[in-house]
**Student:** 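Just passing along the structure, written as C-alpha cells.
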There are 2 protein chains.
Amino acid sequence: MNVTIYDVAREANVSMATVSRVVNGNPNVKPATRKKVLKTIEELGYRPNAVARGLASKRTTTVGVIIPDISNMFFSELARGIDDIANMYKYNIILSNSDQNIDKEIKLINTMLEKQVDGIVYMGSRLTDEHLKEFKTSPVPIVLAATIEPTNAIPSVNIDYEEAGYEATKLLIDNGHTKLAFVTGLDETTANKAKHQGFVQALEEIELTVDQTNVFRGDLSYQSGLKAVESLFDQTEKPTAIFAASDEIALGVIHGIQDLGLNVPADVEVIGFDNTRLAMMIRPTLSTVVQPVYDIGAVAMRLLTKYMNKEEVEESNVILPHQIIKRSSTK
Amino acid sequence: MNVTIYDVAREANVSMATVSRVVNGNPNVKPATRKKVLKTIEELGYRPNAVARGLASKRTTTVGVIIPDISNMFFSELARGIDDIANMYKYNIILSNSDQNIDKEIKLINTMLEKQVDGIVYMGSRLTDEHLKEFKTSPVPIVLAATIEPTNAIPSVNIDYEEAGYEATKLLIDNGHTKLAFVTGLDETTANKAKHQGFVQALEEIELTVDQTNVFRGDLSYQSGLKAVESLFDQTEKPTAIFAASDEIALGVIHGIQDLGLNVPADVEVIGFDNTRLAMMIRPTLSTVVQPVYDIGAVAMRLLTKYMNKEEVEESNVILPHQIIKRSSTK
DNA sequence: TTGAAAGCGCTAACAG
DNA sequence: CTGTTAGCGCTTTCAA
C-alpha cells in the first residue's frame, strides 16, 4: 500500500491532524514540529491523496470544460486561456469534446458533476431547454464561454457578435460594394446567427435586399469556404465582397477566388472573423474581426473562480471588446 | 446535503450494498429489486459521487494528459485522438499544458498522481533523468505520445522520425537539388533531432557537406519560417530546396520565398512535416510528411488502457507508419 | 440474492 | 499549538 497521512503521523510522533495542517500550510504549527513533519514526509515519500481530500473537504480543485472540438484552432486557443487561468488559481481541468452533440453535452455535464468538479466552463451552441435546466439545477457554478444564451440567465463571456458582424459588413460597404455575400456555418449556432443579423442590418441600412443567394451555409471548415465560392460565383449576380464567419472559411474563400483567376482584394474583398493565427498565414493577409479568443477563455475561467469562491461579481454577462483589423484582403 | 446512496437504500427498503450493486450493474440482483431501486434513484435524483467511489475502489476512471501546448494544431489534434479513445473506454481526461517547461512537467506529473489518475499520457521532449525517474517510479502506467525516449524504457507511440526526415530530404535530392536547407525548432526536442539526422544522412549519401549554414533553428512557428528564409537567402549559397520540420514552419517558408519574388516550386521546392490541415490551406498546396497525428494520440491512449487493465501488450514501443504526400510545393 | 460492517485517506470541528 | 474523533459516500468482503 501507499504511504498515508497516518504513516507520516506515526513516524513523526504527531497526530494526523498535525500532518494535515502542515500539508495544508495551516500556520498553527510550531516551526520545529513543521520541520520534523516535513522531513519525514520527504523520507517516506508521502504524496497526499487528493481524492480522499476531495471527499472530506467537498472541494476537488478541478473544473470541467466542455468544448465542441479541441482540434479546432478557435477552441484550442480558448482552452489555452481557460487552462492558464485555472492553473493560476490551482485548479486542474477535465476536458471533454462534445462535437456539439446535445446528448453528449448533457451526458458530459452529468459525468463532471459526478466527479464533483467545483465548476464548469461550457462552450457550445444550440442551447436547448434541457441544457438550461441542467445549468440552472447544477450544484456548482457554470460559466458559458463564447456561447450565447439569449436571456442572459447564465453567466457568460462573449463579444457582441451582431455589432461585429455589422461593422465588418459596413467596412465592405464603405469600400463601395453593393454585392455582398456572407459565408457561414450552420445557422443554429447563436453566435453565427448574430453575425448574420449584423450583416443583414448593415445591408438594410443602405436598402439592399438580402436574399438567400447572398448567404452560403456550410460548416466552419476551409473546404466549406472553397465550396462557397464555387456556389456564389456560379450565379449571375457575383459578389464583389465577402464576409466570412470564421478565418478558416475566409482562407478557403480567398483560395477559391484565386483559383478562379480573380484577385483579392482587387476583384473581390474578403473579411474574416476571429483573428486566429491563420489570418497571417495567407497571402494576401486577412482582414478580420479580432475576437479575443484567448481572453474569452481566460475571463470565463476567472469569472468561474469568483463564483466558486462565492465572491461578489458585478457583471455576470461579460462582453469583451472586439475590433477590426485591416490587412491586405480588403482595400 | 445531496442525496446519497444511503438515502436511496432507505427509500427503497434495501441495503446500500444493493443500491451499489445496481448502480454498478452487478448481475446479482433480482430484477424486481433492481427495478425498484432504479425507480427511487430516479425519484430522488440520485447522482453517484465519483470521488467517494474513487476512494473506496482506488480507481478514478480518469487519466492525466500532459501536453506542451494545446493551442498548437499538432498537439490539439493529438489530444483529440486521446480524448476520443479515452471516451470510448469510459475515461475522462485531466489536461494540462506544460509549455515544455521541465519543472512544470514534473509538477504536473505529481499533481496528477495526487489526483489518483489511473494512468498518464505524456507529450514533451527533452526527457531528463528526473523525468525518467518519475516515469519509472510512477504507481500508474505512463505512455509517451509523439515523444522519444532513446532507450525505449517507457511505453511510447511514435513514427520513425529519422527515416521520415531521410525520405523527405531524398525526395528533394532526387529532384536534382544540391543546395538543401533544413528549418527546424530548438534542436533539443528529440523528434526534431531525428529528422535532422535523417536530413544529414541523405546529404552524406551523395557526399554533400552539411554545415550550420544549411540549418536554421528557430521555434515551430510560422514567423520562424519567415525569418528562416530571410536568413537563408541572405547568404551567397542560397538554397533551392527546403525541408521544414513542421507544416506551420513550411507555410512561413513558402510565404517568405514568395515575398522575395521567387516561385514555389519553380525556384525553390519546399516540403513540410505533419500534414496538419494547414497543408491544404496554402497555395501551392504543401508536400509534406504525413504523420498520423490523431492516430498517435489514439493508439497511445489505447495502449494505456491495456496497461491500466493489466492486459498483455506485445509491443510497448509502437512505431506507426508515415508516408510522404506530394502536392504542389515540390515538382 | 441480500445485508452488515469495515474501511479507503483525509478534513474539520472540538477540546485541551 | 496539538490531539481526538467523527464523518465524507462508496466499494467490498464476509455471512447469511
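To find a chain, count down the sequence lines: A is the first, B the second, and so on, and within it residues start at 1. For the numbers below, each heavy atom of this structure counts, side chains included, while hydrogens, waters and symmetry mates do not.
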**Student:** Pairs in or reaching into residues 75-85 of chain B: which pass side chain to side chain donor-acceptor pair (under 3.5 Å), with residues at least two apart or in two chains?
**Tutor:** A:Asp69-B:Arg80, A:Asp99-B:Arg80, B:Arg80-B:Asp84, B:Asp84-B:Tyr294
**Student:** What pair of heavy atoms forms the shortest contact from A:Glu315 to A:Leu303, and how long is it?
**Tutor:** O-CD1, 4.2 Å
**Student:** Tell me: CD of B:Glu114 to C1' of C:dG9, nearest whole Å?
**Tutor:** 13 Å
**Student:** Is the shortest side-chain heavy-atom distance between B:Ile94 and B:Val65 below 4.5 Å?
**Tutor:** no
**Student:** Please list, one pair per line, the donor and acceptor atoms closer than 3.5 Å that link side chains of residues 143-150 of chain A to other protein atoms, with sequence neighbours excluded.
**Tutor:**
unit_1   : atom_1 : unit_2   : atom_2 : d
A:Glu149 : OE1    : A:Thr151 : OG1    : 2.7
A:Glu149 : OE1    : A:Asn152 : N      : 3.1
A:Glu149 : OE1    : A:Ala153 : N      : 2.8
A:Glu149 : OE2    : A:Thr151 : N      : 3.1
A:Glu149 : OE2    : A:Thr151 : OG1    : 2.9

**Student:** So if I take every side-chain heavy atom of B:Lys58 and compare against C:dC8, D:dG9, C:dT11, which nucleotide ends up nearest?
**Tutor:** C:dC8
**Student:** Does any residue of residues 23-40 of chain B have a heavy atom under 4.0 Å from DNA chain C, and if so, which ones, in number order?
**Tutor:** B:Asn28, B:Val29, B:Lys30, B:Thr33
**Student:** In this structure, how many angstroms lie between the P atom of C:dT2 and the CZ atom of B:Arg10, rounded?
**Tutor:** 19 Å
**Student:** Can you name the ring-ring contact (aromatic ring centres under 6.0 Å, His included) partners of A:Phe135, sequence neighbours left out?
**Tutor:** A:Tyr122
**Student:** Just how large is the angle between the end axes of the helix from C:dT1-D:dA16 to C:dG16-D:dC1, five pairs per end, to 10 degrees?
**Tutor:** 30°
**Student:** Under the rule for side-chain contact (heavy atoms from CB on, under 4.5 Å), what residues qualify as partners of B:Asn87, not counting sequence neighbours?
**Tutor:** A:Lys104
**Student:** Among residues 44-55 of chain B, which residues get a heavy atom nearer than 4.0 Å to DNA chain D?
**Tutor:** B:Tyr46, B:Pro48, B:Asn49, B:Ala52, B:Arg53
**Student:** Just to verify, what does A:Lys36 make a side-chain hydrogen bond (donor to acceptor under 3.5 Å, both in side chains) with, not counting sequence neighbours?
**Tutor:** none
**Student:** N/O contacts under 3.5 Å, protein versus nucleotides 3-6 of chain C?
**Tutor:**
unit_1 : atom_1 : unit_2  : atom_2 : d
C:dG3  : OP2    : B:Ser15 : N      : 2.8
C:dG3  : OP2    : B:Ser15 : OG     : 3.2
C:dG3  : OP2    : B:Thr18 : OG1    : 2.7
C:dG3  : O6     : B:Arg21 : NH2    : 2.6

**Student:** Rounding to a whole Å, what distance do you find between B:Gln116:CD and C:dG9:P?
**Tutor:** 9 Å
**Student:** Quick check: closest heavy atoms across B:Glu312 and B:Lys306, and the distance to 0.1 Å?
**Tutor:** O-CD, 4.4 Å
**Student:** Only counting residues at least two apart or in another chain, list the ones meeting side-chain contact (heavy atoms from CB on, under 4.5 Å) with A:Val23.
**Tutor:** A:Val19, A:Ile41, A:Tyr46, A:Pro48, A:Arg53
**Student:** Between B:Asn110 and A:Arg47, is there a side-chain donor-acceptor contact under 3.5 Å, judged purely by atom types and distance?
**Tutor:** yes
**Student:** Pick one: which of A:Asn28, A:Thr33, A:Val8, A:Leu38 meets side-chain contact (heavy atoms from CB on, under 4.5 Å) with A:Val22?
**Tutor:** A:Leu38
**Student:** Tell me the interatomic distance from A:Ile5, atom CD1, to C:dC8, atom P, rounded to whole angstroms.
**Tutor:** 14 Å
**Student:** side-chain hydrogen bond (donor to acceptor under 3.5 Å, both in side chains) with B:Ser156: which residues, sequence neighbours excluded?
**Tutor:** B:Asn317
**Student:** Roughly how many Å is it from CG in B:Asp7 to P in D:dC8, rounded to a whole number?
**Tutor:** 11 Å
**Student:** Going by side-chain contact (heavy atoms from CB on, under 4.5 Å), name the residues that satisfy it together with B:Ser138, two or more places apart in sequence or in a different chain.
**Tutor:** B:Leu113, B:Val140, B:Ile142
**Student:** Quick one: B:Tyr6 OH to D:dC10 P, roughly how many Å, whole number?
**Tutor:** 13 Å
